[in-house]
Amino acid sequence: MLKEYLENVRKTMPLVHNITNYVTVNDVANVILACGGSPIMADEKEEVEEITSICGGLNINIGTLNARTIDAMILAGKKANALGHPVLLDPVGAGASTLRTNTALKLIDEIQLSVIRGNISEIKTLASGDGTTKGVDADISDAVTKEHIDTAVAFAKQFSKEHHVVVAITGAIDLVADENRCYCIYNGRSEMGRITGTGCQLSGIMTAFLVANQNHPLEAAATAVMMMGVAGEIGWEHKKAEEGNATFRNRIIDAIYNMTGEELERRARYEVR
């Protein structure tokens, strides 16, 4: 399954429209290229509908939110819906400020999303309308652990059912769920949290997977999560003692570039509940 979904990305080279943040935009572009897709970054409302029209999918990331880009996100999202393109929302920092929380809820209300990808605190904020997100990171008290994974899986399925989306909750254990099934994914390294924007990068490649595998959004999203986690493991294995997080970031992107479907199948660690 994983091999097929990855090969579909590399065969079709999907063009992805990204309205993303200025902290990680270059890494998002490079990681989409590494997985086999092609990125366009455009957030001016005068052109976003036109750009979305030539792309296969839309990645909306609210990491550096402002009033101008909120309008652009709504315009691009509605255009993508009209064209039948998959739309992903990365609600970065939802719960950290009223603007971020209200904007994420507005986007959910006005756009039919294919996937919402965020950390557990962000997703809990969207479920309840308020939360305890610390900056752009999850509150440690919300972390998904093996001790309460049944509760977390039930929450993810219920969120998916209520919002008619696939939900991808990333952290030490990643959960990717629709209302009936949940992939619990155990790949990745805790050190990936010391690199700015691994979540933003994942949203970029996940959108490419959604475009290339439009009839299987749950499996496409889960495969993207596994690929990012495996890349983190490979990058860490190749890291030398004197190297730091900047080199680790590059090694993750290189691992995605060089990863084969067979390697992804062999190293992926997951269960379906």
Side-chain angles (χ1 to χ4, degrees), residues 19-21 23 58-67 69-71 73-74 77-78 81 86-185 188 193 197-200 202-203 206-207 210 217-218 221-222 224-225 273:
I19 301 177
T20 187
N21 68 74
V23 179
L58 173 64
N59 170 31
I60 298 174
N61 176 306
I62 68 169
T64 51
L65 198 60
N66 61 66
T69 54
I70 292 172
D71 291 342
M73 291 169 183
I74 296 292
K78 289 184 174 179
N81 283 169
V87 182
L88 180 148
L89 172 64
D90 187 338
V92 181
S97 76
T98 301
L99 177 64
R100 287 170 187 260
T101 302
N102 289 346
T103 299
L105 294 172
K106 178 181 176 68
L107 291 166
I108 291 171
D109 184 55
E110 297 196 20
I111 300 169
Q112 179 56 57
L113 301 165
S114 304
V115 174
I116 300 175
R117 191 218 65 80
N119 65 45
I120 183 63
S121 295
E122 291 163 348
I123 302 302
K124 282 188 171 181
T125 293
L126 301 183
S128 65
D130 58 23
T132 58
T133 306
K134 304 298 184 185
V136 297
D137 298 320
D139 191 322
I140 193 169
S141 64
D142 290 332
V144 177
T145 65
K146 290 183 178 179
E147 287 72 25
H148 67 275
I149 193 166
D150 290 340
T151 302
V153 168
F155 166 77
K157 289 180 177 178
Q158 184 62 30
F159 183 92
S160 173
K161 182 178 181 179
E162 291 180 0
H163 295 280
H164 308 291
V165 295
V166 169
V167 61
I169 302 171
T170 51
I173 299 173
D174 303 310
L175 306 177
V176 183
D178 63 13
E179 64 178 277
N180 298 312
R181 292 173 296 160
C182 181
Y183 284 82
C184 303
I185 300 165
T198 51
C200 303
L202 173 57
S203 292
M206 188 178 291
T207 308
L210 291 169
L218 174 65
V225 171
R273 296 193 176 208

Which pairs, with at least one residue in [range] and sequence neighbours excluded, count as a salt bridge (Lys or Arg N to Asp or Glu O under 4.0 Å)?
| range | result |
| --- | --- |
| residues 148-158 | Asp150-Arg273 |
| residues 103-117 | Lys78-Glu110, Asp90-Arg117, Lys106-Glu110 |
| residues 168-178 | Asp178-Arg181 |

With a 4.5 Å heavy-atom cut-off, do [X] and [Y] have their side chains touching?
| X | Y | answer |
| --- | --- | --- |
| Phe155 | Ile120 | yes |
| Pro86 | Val115 | no |
| Met206 | Val225 | yes |
| Val176 | Leu218 | yes |
| Leu107 | Ile62 | yes |

[X]: side-chain contact (heavy atoms from CB on, under 4.5 Å) partners, not counting sequence neighbours:
| X | value |
| --- | --- |
| Asn21 | Val23, Thr24, Asn61, Thr64, Cys200 |
| Leu105 | Thr101, Leu126 |
| Ile70 | Leu65, Leu99, Thr103 |

Work out which heavy atom in [X] is nearest to a heavy atom in [Y]; give both atom names and the distance.
| X | Y | answer |
| --- | --- | --- |
| Ile111 | Ile74 | CD1-CA, 4.2 Å |
| Arg100 | Ser97 | N-OG, 3.1 Å |
| Thr125 | Ala94 | OG1-O, 3.5 Å |
| Cys184 | Leu175 | SG-CD2, 3.8 Å |
| Pro217 | Leu210 | O-CD2, 3.7 Å |

* Structure fact -> Interatomic distance, OG@Ser203 vs CG@Asn59, rounded to 0.5 Å, equals 5.5 Å

* Could you grab the distance from atom CD1 of Ile116 to atom CD1 of Ile60, nearest 0.5 Å is fine? => 10.5 Å

Could you pull out every donor-acceptor pair under 3.5 Å between side chains of residues 159-169 and any protein atom, sequence neighbours left out?
residue, atom, partner, partner atom, Å
Ser160, OG, Val165, O, 2.4
Ser160, OG, Glu179, N, 3.3
Glu162, OE2, Gln158, NE2, 2.9

* To do: Report the residues that fulfil side-chain hydrogen bond (donor to acceptor under 3.5 Å, both in side chains) with Asn66, sequence neighbours left out, ordered by chain and then residue number.
  => Thr69

